[in-house]
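All remarks here apply to the structure that follows.
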Amino acid sequence: MEQTLAIVKPDGVARKLIGEVIKRIEANDLNICAVKLIHMTKSQAQGFYAVHKERPFFNDLTDFMSSGPALVMILKGENAIAKWREMMGATNYKEAAQGTIRCEFATDIEKNVVHGSDAPETAAFETSYFFNAFERTAE
Ligand code: ATP
Ligand code: MG
């Protein structure tokens with residue numbers, strides 16, 4: 001069983017897509033083992049996306065991620081990392097496969113509704129970034 005960090009980004013929360021995203025998670029047999037609504041500070045967003053700090057979009061991305069509430073979750077299941085990435089679709093919604101969340105709901109390469117960890121190492125860092133041991137009771 002694998003764990004991954006999923007986020008409904010501020011655009012998704014503002015557009016009332018939390019229910020839509022959770023419905024898909026449950027329908028695809030992933031379990032939610034931790035969840036909370038947070039409003040990241042700019043510096044928390046910078047720490048979360050630190051791997052991208054040299055990228056030209058880093059400042060805009062961290063402004064966006066700290067612009068409003070986001071729903072952070074730990075998902076658990078078989079191949080949870082790849083499965084959730086497949087459900088999200090490609091980063092650029094114009095290239096995302098039919099039926100994926102980004103294909104159906106993203107409006108912009110940045111405002112792409114959801115986040116997912118991309119490897120076991122990043123999943124471990126990202127789940128611990130937002131949740132302590134007491135908040136992960138379903139593990
Ligand atoms: P995420 O990490 O959010 O799950 P991802 O792994 O598909 O997305 P990354 O390459 O890690 O894509 O980029 C992180 C986020 O930065 C993207 O989801 C998107 O919001 C933003 N982003 C990526 N590339 C660009 C770009 N060229 N211009 C603007 N924003 C971008
Ligand atoms: Mg990424």
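Bear in mind the structure is a predicted one, so any value in this text is a computation, not a measurement. Order of appearance sets the numbers: ligands from 1, and atoms from 1 within every ligand. We count residues from 1, following the sequence as given.
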Q) Which protein residues have a heavy atom under 4.0 Å from ligand 1? A) K9, Y49, H52, F57, L61, R85, T91, R102, I109, E110, N112, H115, G116
Q. Any chance CG of D29 has more than 12 other-residue heavy atoms, nucleotides or ligands included, within less than 6.0 Å?
A. no
Q: Apply side-chain hydrogen bond (donor to acceptor under 3.5 Å, both in side chains) to R85 and list each qualifying residue two or more places apart in sequence or on a separate chain.
A: none
Q: Check the angle between the aromatic planes of F48 and F130 and answer parallel, tilted or perpendicular using the 30° and 60° thresholds.
A: tilted
Q. Between F64 and K9, is there a cation-pi geometry (under 6.0 Å to ring centre, at most 45° from the normal)?
A. no
Q: Ignoring hydrogens and angles, state whether a donor on the side chain of E126 or S117 is under 3.5 Å from an acceptor on the partner side chain.
A: yes
Q) How close do R24 and M87 get, heavy atom to heavy atom, and via which atoms? A) O-CE, 3.4 Å
